[in-house]
Structure formats: C-alpha cells, structure tokens
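Heads up: the structure comes next, in structure tokens.
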Amino acid sequence: MSTATTEPTTDYTTGDAVLPEGHTMSDQAQLLRIATAGSVDDGKSTLIGRLLFDSKGIFEDQLASIEATSAKRGDEYTDLALLTDGLRSEREQGITIDVAYRYFSTPRRKFIIADTPGHVQYTRNMVTGASTADVAIILVDARKGVLEQTRRHAFLSALLGIPRLVVAVNKMDLVDYDEATYEAIRTEFTDFAAKLEVHDVTFVPLSALKGDNVVNRAVESSDPMPWYTGPALLDHLENVHIASDRNLTDVRFPVQYVIRPQRADGLDHRSFAGTIAGGIIKVDDDVVVMPSGRQSTVKAIWGPGGSELDEAAAPAAVTIALNDEIDIVRGEMIARPGNRPHQGTELEAMVCWFADDATLTTGRRYIIKHTTRDTKAMVTGLEYRLDINTLHRDPDATELELNEIGRIGLRTQNPLMYDPYRRNRDTGAFIVVDELSGDTVGAGMIIGPATSGSNVVWHAGTVQRGDRGQGRTLWLTGLSGSGKSTIASEVERLLIESGHPAYILDGDNLRHGLNADLGFSAEDRTENIRRTAEVAALFADAGVVVVCSLISPMRADRDAARAVHAKADLPFTEVFVDTPLAECEARDPKGLYAKARAGEIAEFTGVSAPYEPPLTPDLHVRPEDGTAEEVAQRIVSTLLGI
C-alpha cells in the first residue's frame, strides 16, 4: 500500500474521501481520520512506520530500500522511521513543513493519518492537519514524561474539537517497562486534561521501536508489560466508535452551486447542489432558506449519478429541488424552520494566525470564507492572546503574530449562518484571507454571537414588579429518571389550583424549541442552563412561579442560574431530587440508560458523564419521602405556605 503524502480530497457525488493511487472508501463509517502529535524525539515517525509495517501497509521495494539504508548507516535494526524520511529532509533543508497524509487499512477499518509537525513554530500546520481528525494520538517519551509541548498538543486537540485523545506512552523499553513510570504519566496528563473539553482519553504504553502494544499484544509468556490489560494501539483504533460524532440533528445545507438544466423535453427545473454539513434531509421536509427566511418543502433529492433518494445525511454531496420557486444563490443555507443556525454579522471566534509577514490587529479588514459564503469582515477587537503552553490569557495583547492564537470579535459585511464550532465543525469554521494578496492568513473557530460592547440597554416599563405579584423560581435538579418532571407537574397543579400562576420549564420540552440547537457537550449544557435561567427570571419577574425541571448536572451552571435571579432580586430555590442512580436506571422510563450502557448515547449523565450533586440545596427530597404528590405538597407548603 502506498504511503503517499498528498491531501485526500472529497468525491462530490458520494461524499466519500478520495484517496490517491486506487484507494477507495465506499463505506464512510469505516474511515477513521487520525492526527499525530509529538516532537522529533518522541518516536512519532517510528510509530507511524511500525503501524504501516505491521499492518502490511508498505510495498516490498519500500521495505528493501529502508533495510538497505539502515544497513548502510550501521543500524542493527530496520529503522522504520525512514518511511517518513522525506519530511525530515524538508526540515533539514529549511523548507516549509506541510502536513503529510498517510494511508493504510486493516480488515476492520481504513485509516488516514495526518502526520502533523509538533514544534511550536509549526502550530499552523497542526491546526490544518488536525481540523478534521476523529482521534489525536499524542506521543509522550516515557523517559521525559509530560512536557510543555505535550500540554500544547493536548490543548490544540481540544481547541480543534477532536473528541478523543490517545496518549501513546512510547519508549517503554528504555524505562524497563516500569509500571510506576507509566502510571505517573497517566496521572499527570489526566489532571491536565480535566481542564480541557476532552472527555475521552485513552492511554497505551508501547515501544514503537520493538513493536510492543502497537499492532499486537505480546503473548502472555513473553509480555514485557503484563500489568497492562488494555488493547494494543491498533486494536483500539479499529474499534473506537465514531458514528455518534456526526451531527444528525441540525440540518445544514450550504448551497454551493445552482443548477438550471435546459432539457429538450421541457422538464427544466431549478435545483441546488452542495455537501450536507449536518443533519438528515428527507423528501417533503419543511425547510427554510437563510438569510431570506423564505420557507418551502423538499421536492426531490438526487445523489450519485442522478439517482433519486428519499433522504440523505451528512456528509453526502447531493442536489436538492424545492416545491416553491425561491431565488437562492451560492452562499445561502437551507435548514429546518424550527432549528436554524445563528445568523448575524457580529460574532466571536478563536483564531490561529498563519501569516509570517503580517499581524492581526483590531480594525484590519479581511475576507472571510465560511462554508460556501465569502464576505468582507473587520476585526472589532482582540479580547486576549492565548499562551498555548501555559493556557495563560493575555488581555493586554494588541496583535497576533505567526502561530499565535487569540479570541477576537468580527463584524462581517454580509450575515453568516453558523453554529458554534463545538457543535458543528463545518458550519463553525472559517478561514481568513488577505484582501490584497489573496493569501490565507488565519483559521477561525466560531464561539458564538458577539456578547460584548453592545449598545442595547434594558427598558424599564411603567408597571412595577409589585403590581404583578410575587414570582419565584423552583429549580429541580437530579438524574434522568429521578422523578423531577413528575414532581414538577404536581407542584404546578397545586399552585394553579390555589390561584397562583405557575408554569413548568421542562428540560426536554425546551430542547424542542428554545434550546433545539444545543447538544450535550459541556459547553452546550452550560448554554442550555443559561438560557433556561434567563427565561425563568423573566417569568418570575412577571409574577409567575416557575418550576424548572432539568438534570443540570454541574454545580457551576446551577450557581450561575441562581446568580441570574440574585442579580434581579428574584427568589430562587434549588430542590435536589436525590434518587440513587441504581433506582433511576431500574425505572428508565425512556429507555435512555439502556441505550447509554450499550454505547448508543454519548455523554449521558450518570453513565458516561458526571453529575455533581448540590452541596447545600434549599430543599432535599428522596424516594423515601413519599409519593410525587406528597413531595409536591411538601414543597409548596414549605416554600409558599400553601
């Protein structure tokens, strides 16, 4: 198998990756994109060479060549790192280092490895190569442990939204396969990773030079690391589950090309070609065209070779026709009416600066290329420059230079339709182009709409809060299946029957509308609570007793919800519905625990995501406290005197 270094492209009739020299990938689910990171001394080249060699991913003439070169240099072994010698030659000659892509396959899966340079001066190259990765392999030299560079690679991987890290503790043979050394590295890296948005970290001790734990585990009698009970590196990569990473919730279809065929039979039509960036599109689906807001339904979907489809999912490239004649041009986006992306001209983003002959400064104008849309933009502010080695934020920075990363504000000439990068890596990313030279000078990851520097002020009405009656918020928190919603319904019923205006804000219900664009990442969970708290405060200010029923697993988010009410001088009561996990799982009213245990739901609270119980809740209820009706009566009596 070839180890070509040209970048893979995309077949816009199938949406599949196109590999050079006869490589094909008809089943996209089998493809795993990997980014590697490590210094020149960590053994990254040897590891890649070992993966290619042991998986039979190199030609015989290549093997003969590196064997001859190794013998000529006096090596006592075949130096598999020579498979990447071309990249090393570039470095020695001072040529700009680019990302090298390498391909190999096993009976279980096909792989693309983005061999990214690890030094700080090549940060832009790592950002480029790792931006589409499903897994990042970070090499650590067992002799040196977790270094500043290791932390930088982990941070960049998290910043780029790579959902999984594999920490390959290499050169274990040089520390006599010592378990204590491995455990010390594991502990130190785990503590650092806790600060990042990465929740799936796997550790594998190995020796790339000798092949230990790279492709195969040693037989029990000769295993130098009997204390390690996990899989070999390749075994882990073959079995890692990535299907749940695809965003099939948010329909996003950036229009790339408008098709107007002129047919002799008179069956002319107007259709729109592009690559689905998120969700599943079906015939007869209601859709909205942005930014115009015009609505229609899907009339037909065509796939490869003009074959008609009933539905298509990301990342397929398709052509779509609508039932209504709507003027749509390249750069516009088709979405669902009840689940639209953000639309606006003011946004905040993290940017990695690529230019070595220019700096990013406030007030500079650039061209932004986002999905299929190009627009002029101006940098409205540099909030801070980030030291990627220490994670220190420098709010006094006035510019970004080559390979530096910072948080900026942007104002675009035309509105962009986007999602936060954490939610959708396609609609949340953009590149920055110099207006004059046309050079790509930066890459950005959208955080969300701009929140600072607003001229919007609160308008105080003539009706005062006392005229509306006293509202308040009851915030019920607990695991899924704990009984929150049942208790909340009973509380609402009792309040209404006693003449008190009340309303439930249920977590599931809110995700059908207000929070339909949010997922279940840590960032999205925080935004979910923030929005709910703001709406609850408005209800409470109107004199309504708001009963919020949400899992709300993190203390910091619940504290923030309390702070929103405290700022507005509104009563806020936290009710902890403390039902043990085992009982919640036994109830499992929606079957979610069973799906989570089967690996069908990622980041499920109580199973694969943490729940932080309140330390000092205002009210603490347990199953032994009685039925939902009895608990609801206690809540209403205790807090409201009803």
Side-chain angles (χ1 to χ4, degrees), residues 1 3 29-38 42-58 63 77-81 83-84 102-115 133-143 150 153-154 157 162-187 189-190 193 198 200-242 599:
M1 179 175 292
T3 56
Q30 290 184 334
L31 173 62
L32 185 73
R33 296 178 180 269
I34 305 169
T36 61
D42 286 342
K44 179 164 61 74
S45 297
T46 303
L47 177 62
I48 295 173
R50 175 63 66 181
L51 280 171
L52 295 171
F53 176 74
D54 284 2
S55 63
K56 307 299 186 288
I58 59 175
L63 179 59
Y77 56 89
T78 300
D79 187 359
L80 297 175
L83 286 169
T84 59
R102 313 193 186 283
Y103 316 94
F104 72 99
S105 63
T106 69
R108 293 183 181 178
R109 180 169 260 165
K110 297 179 175 69
F111 302 88
I112 299 178
I113 299 180
D115 187 2
D134 303 304
V135 177
I137 299 177
I138 299 177
L139 272 84
V140 177
D141 189 328
R143 299 169 301 174
T150 310
H153 294 155
S157 298
I162 301 176
R164 297 168 192 80
L165 299 184
V166 176
V167 181
V169 183
N170 193 24
K171 303 188 179 182
M172 288 297 297
D173 54 310
L174 298 183
V175 294
D176 296 325
Y177 301 101
D178 181 48
E179 181 181 6
T181 300
Y182 166 75
E183 288 296 338
I185 293 172
R186 179 189 177 108
T187 300
F189 190 94
T190 299
V198 178
D200 189 342
V201 183
T202 301
F203 295 83
V204 180
L206 53 85
S207 170
L209 181 63
K210 296 189 175 183
D212 299 320
N213 275 352
V214 178
V215 171
N216 299 303
R217 289 292 310 271
V219 296
E220 187 173 345
S221 59
S222 61
D223 189 354
M225 293 176 280
W227 42 265
Y228 174 69
T229 58
L233 176 62
L234 183 59
D235 186 30
H236 173 72
L237 297 177
E238 285 181 324
N239 291 285
V240 66
H241 181 71
I242 62 171

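The shown structure was predicted, so the numbers you read here are calculated from the model rather than taken from an experiment. Values below: every heavy atom of this structure, side chains too, minus hydrogens, waters and symmetry copies.
The distance from the CD1 atom of I242 to the CG atom of L32 is 5.0 Å, given to the nearest 0.5 Å. Remark: I185 CD1 to T190 OG1 distance equals 11.0 Å, nearest 0.5 Å. Rounded to the nearest 0.5 Å, atoms CG (L237) and CD1 (I34) are 4.5 Å apart. Rounding to the nearest 0.5 angstrom, the gap separating the CD1 atom in I113 from the OG1 atom in T36 is 7.0 Å. Between the CD1 atom of I162 and the CD1 atom of I138 there is a distance of 8.0 Å, given to the nearest 0.5 Å. The distance from the CE atom of M225 to the CG atom of D223 is 6.5 Å, given to the nearest 0.5 Å.
Contact of the L47 side chain with the I137 side chain is registered, since non-hydrogen atoms from C-beta on lie closer than 4.5 Å. A 4.5 Å side-chain heavy-atom check between F111 and L234 finds at least one atom pair inside the cut-off. With contacts defined as side-chain heavy-atom distances shorter than 4.5 Å, the pair L31/R33 qualifies. Counting only heavy atoms from C-beta outward, the side chains of N239 and R108 approach each other to under 4.5 Å. Put simply, the side chain of P205 reaches to within 4.5 Å of the side chain of N213, judged on heavy atoms.
With hydrogens and angles ignored, the 3.5 Å screen pairs no side-chain donor or acceptor of R186 with any backbone N or O of V169. Within the 3.5 Å criterion, the main-chain N or O of K171 finds no donor-acceptor partner in the side chain of R143. A distance-only check finds a donor-acceptor pair linking the side chain of N170 to the backbone of A208 [under 3.5 Å]. Between the side chain of D200 and the main chain of P163, no donor-acceptor pair closer than 3.5 Å is present.
R164 and V240 make their closest contact through CD-CG2, 3.3 Å (heavy atoms, listed as atom of the first residue, atom of the second, distance). Smallest separation of non-hydrogen atoms from P231 and V204: O-CG1, 4.1 Å. Contact record, V214 with S207: CG2-O, 3.9 Å, taken as the closest heavy-atom pair.
Qualifying side-chain hydrogen bond (donor to acceptor under 3.5 Å, both in side chains) partners for T202, counting only residues two or more places apart in sequence or in other chains: none.
Relative ring orientation between Y182 and W227 is described as tilted, the plane-to-plane angle lying within the 30° to 60° band.
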